[in-house]
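First up is the structure itself, then whatever we jot down about it.
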Amino acid sequence: QVQLVESGGGLVQAGGSLRLSCATSGRTFSPYTMGWFRQAPGKEREFVAAIAWSGGRTLYADSVKGRFTISRDNAQNTVYLQLNSLKPGDTAVYYCAARRGNTPLLGQYEYDYWGQGTQVTVSS
């Protein structure tokens, strides 16, 4: 079993930045691929970014490429999502997820463990 706890969400103006963190506990952090997803009110949960256990491979949704950066610190059992140039359309609850293996995937059903989410609100 793996437990995931997100933090770092908040209210920010358009154009601003936030850094989300996801701390893991339970079974070893590796070799889990870590992902971030988000869900806006009234919308389906959507993929944002993922990173392989090795850190060498990442995957991003087209909507966040060039603005968001995913990274991980395996020594700290933590994965991060740096959100830059935020837009009102980025407003959502952001979820951290983990899947066994070393391949970043964008399908939410590929992930085995989920956090509770952290709210990101971007004002115009």
Side-chain angles (χ1 to χ4, degrees):
Q1 192 75 10
V2 175
Q3 291 80 44
L4 309 175
V5 179
E6 303 95 334
S7 62
L11 173 64
V12 64
Q13 289 188 330
S17 298
L18 283 173
R19 188 193 197 200
L20 307 183
S21 299
C22 174
T24 69
S25 60
R27 285 195 156 184
T28 179
F29 193 45
S30 62
Y32 286 94
T33 289
M34 303 299 296
W36 286 95
F37 291 76
R38 67 186 182 184
Q39 188 168 19
K43 294 189 176 181
E44 299 277 327
R45 186 175 298 186
E46 65 175 2
F47 171 78
V48 176
I51 186 167
W53 167 72
S54 62
R57 284 183 289 170
T58 57
L59 187 65
Y60 292 95
D62 288 343
S63 59
V64 306
K65 276 181 184 176
R67 299 189 299 123
F68 292 6
T69 302
I70 189 170
S71 62
R72 65 189 295 164
D73 183 340
N74 288 347
Q76 298 295 322
N77 292 345
T78 303
V79 63
Y80 304 98
L81 186 67
Q82 179 67 40
L83 291 65
N84 295 331
S85 303
L86 281 161
K87 306 173 182 179
D90 295 317
T91 295
V93 176
Y94 283 70
Y95 297 92
C96 176
R99 67 175 300 273
R100 298 179 189 89
N102 199 34
T103 303
L105 298 175
L106 53 78
Q108 60 175 314
Y109 298 109
E110 303 286 351
Y111 290 79
D112 305 299
Y113 303 100
W114 292 84
Q116 294 299 307
T118 185
Q119 176 71 47
V120 171
T121 303
V122 184
S123 63
S124 57

Lys65 meets the side chain to side chain contact (heavy atoms under 4.5 Å, CB included) criterion, sequence neighbours left out, with Tyr60, Asp62
The side chain to side chain contact (heavy atoms under 4.5 Å, CB included) partners of Ser85 (sequence neighbours excluded) come to Arg67
Checklist entry - In terms of ring plane angle, is the pair Phe68 and Tyr94 parallel, tilted or perpendicular, where the classes change at 30° and 60°? => result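 Answer is tilted, since the angle falls between 30° and 60°.
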Do Val64 and Leu106 share a hydrophobic cluster, counting only Ile, Leu, Val, Met, Phe, Trp and Tyr and linking them when any side-chain heavy atoms are less than 4.5 Å apart?
-> no
Less than 4.5 Å apart, any side-chain heavy atom of [X] and any of [Y]?
{"X": "Gln116", "Y": "Val93", "answer": "no"}
{"X": "Cys96", "Y": "Trp114", "answer": "no"}
{"X": "Arg38", "Y": "Val120", "answer": "no"}
{"X": "Phe47", "Y": "Glu110", "answer": "no"}
{"X": "Leu83", "Y": "Asp90", "answer": "no"}
{"X": "Asp73", "Y": "Tyr80", "answer": "yes"}
{"X": "Tyr111", "Y": "Thr33", "answer": "yes"}
{"X": "Ile70", "Y": "Val79", "answer": "yes"}

Rounded to the nearest 0.5 Å, how far does [atom2] of [Y] lie from [atom1] of [X]?
{"X": "Trp36", "Y": "Thr118", "atom1": "CH2", "atom2": "OG1", "result": "7.5 Å"}
{"X": "Met34", "Y": "Asn74", "atom1": "CE", "atom2": "CG", "result": "9.5 Å"}
{"X": "Glu6", "Y": "Leu81", "atom1": "CD", "atom2": "CG", "result": "11.0 Å"}
{"X": "Gln39", "Y": "Glu44", "atom1": "CD", "atom2": "CD", "result": "7.5 Å"}

TODO: List the atom of Trp53, the atom of Pro31, and the distance in Å for their closest heavy-atom pair.
DONE: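 For Trp53 and Pro31, the tightest heavy-atom pair comes out as CG-CA, 3.7 Å.
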In terms of heavy-atom contacts, Tyr95 and Gly115 come closest through CD2-O, 3.6 Å
Please list every donor-acceptor pair under 3.5 Å in which a side-chain atom of residues 11-23 meets a protein atom from a residue at least two apart or in another chain.
unit_1, atom_1, unit_2, atom_2, d
Ser17, OG, Asn84, OD1, 2.9

Task: Residues Tyr113 and Arg100: side-chain donor-acceptor under 3.5 angstrom - done: yes
So, the side chain of Arg99 versus the backbone of Gly35: is there a donor-acceptor pair under 3.5 Å, distance only?
-> no
